[in-house]
Amino acid sequence: MCLAVPVQVVALLGDQWVEIEVGGIRTRVSIALLDEVAVGEYVIVHAGFAIARLDVVEAEKTLALFDQIAAHLREPTDALHPRLP
């Protein structure tokens with residue numbers, strides 16, 4: 001199963017490479033599969049390649065939902081099988 005997470009392009013590195021950031025983590029990925037990418041745009045990355053460009057508003061909504069999920073998972077629970085610390 002793959003999970004597509006929007007990542008933001010923060011720098012153009014040349015020769016079909018960009019620096020991306022998500023959650024404070026930065027790395028470089030290839031944009032060889034896309035026509036053009038600009039700083040500030042969001043892309044989906046798979047196996048080190050940007051495979052799709054995303055609408056900024058939709059990407060930010062998705063990241064906000066991921067933040068809500070992460071916050072919920074940090075809350076204590078009365079579940080029958082609670083998560084391990």
Side-chain angles (χ1 to χ4, degrees):
M1 177 172 84
C2 293
L3 176 63
V5 177
V7 296
Q8 188 173 38
V9 175
V10 294
L12 304 176
L13 302 176
D15 199 27
Q16 297 187 329
W17 289 92
V18 296
E19 183 175 349
I20 54 97
E21 187 271 334
V22 65
I25 298 171
R26 290 184 177 211
T27 192
R28 69 182 196 142
V29 299
S30 173
I31 56 168
L33 302 176
L34 299 179
D35 292 333
E36 289 185 27
V37 175
V39 171
E41 287 188 310
Y42 284 86
V43 295
I44 294 292
V45 175
H46 178 70
F49 289 88
I51 60 172
R53 188 177 296 103
L54 299 173
D55 175 74
V56 173
V57 173
E58 289 303 315
E60 290 174 350
K61 284 181 187 178
T62 300
L63 290 171
L65 288 172
F66 283 136
D67 286 342
Q68 289 178 10
I69 292 167
H72 177 72
L73 292 174
R74 286 190 294 269
E75 294 175 1
T77 180
D78 292 330
L80 188 57
H81 300 285
R83 290 183 302 111
L84 297 174

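Following chains of ILVMFWY side-chain contacts shorter than 4.5 Å, one cannot reach Leu13 starting from Leu33, and the two form parts of different hydrophobic clusters. Cluster membership for Leu54 and Val43, using ILVMFWY side-chain heavy atoms within less than 4.5 angstrom, is shared. Val22 and Trp17 sit in two unconnected hydrophobic clusters of ILVMFWY residues. Membership requires side-chain heavy atoms under 4.5 Å apart, directly or through other members.
To the nearest 0.5 Å, the span separating NZ on Lys61 from CG on Asp55 amounts to 8.5 Å.
When all heavy atoms are compared, the tightest approach of Val39 to Val10 is CG1-O, 3.8 Å. Of all heavy-atom pairs spanning Ala32 and Gln16, the tightest one is CB-OE1, 3.3 Å. Closest approach of Phe66 to Pro6, counting heavy atoms only: CE1-CD, 4.2 Å. Looking at every heavy atom in both residues, Val7 comes nearest to Val45 through CG2-CG2, 3.5 Å. Considering every non-hydrogen atom in both Ile31 and Ala50, the closest pair reads CG2-CB, 4.1 Å.
Looking at Thr62 and Val5, their side chains never come closer than 4.5 Å, going by heavy atoms from C-beta outward. Side chains of Tyr42 and Glu58 form no contact here, defined as non-hydrogen atoms less than 4.5 Å apart. At a threshold of 4.5 Å between non-hydrogen side-chain atoms, the residues Ile20 and Val18 count as touching.
Put simply, the side chain of Glu19 never gets that close to the backbone of Arg28: no donor and acceptor are under 3.5 Å apart.
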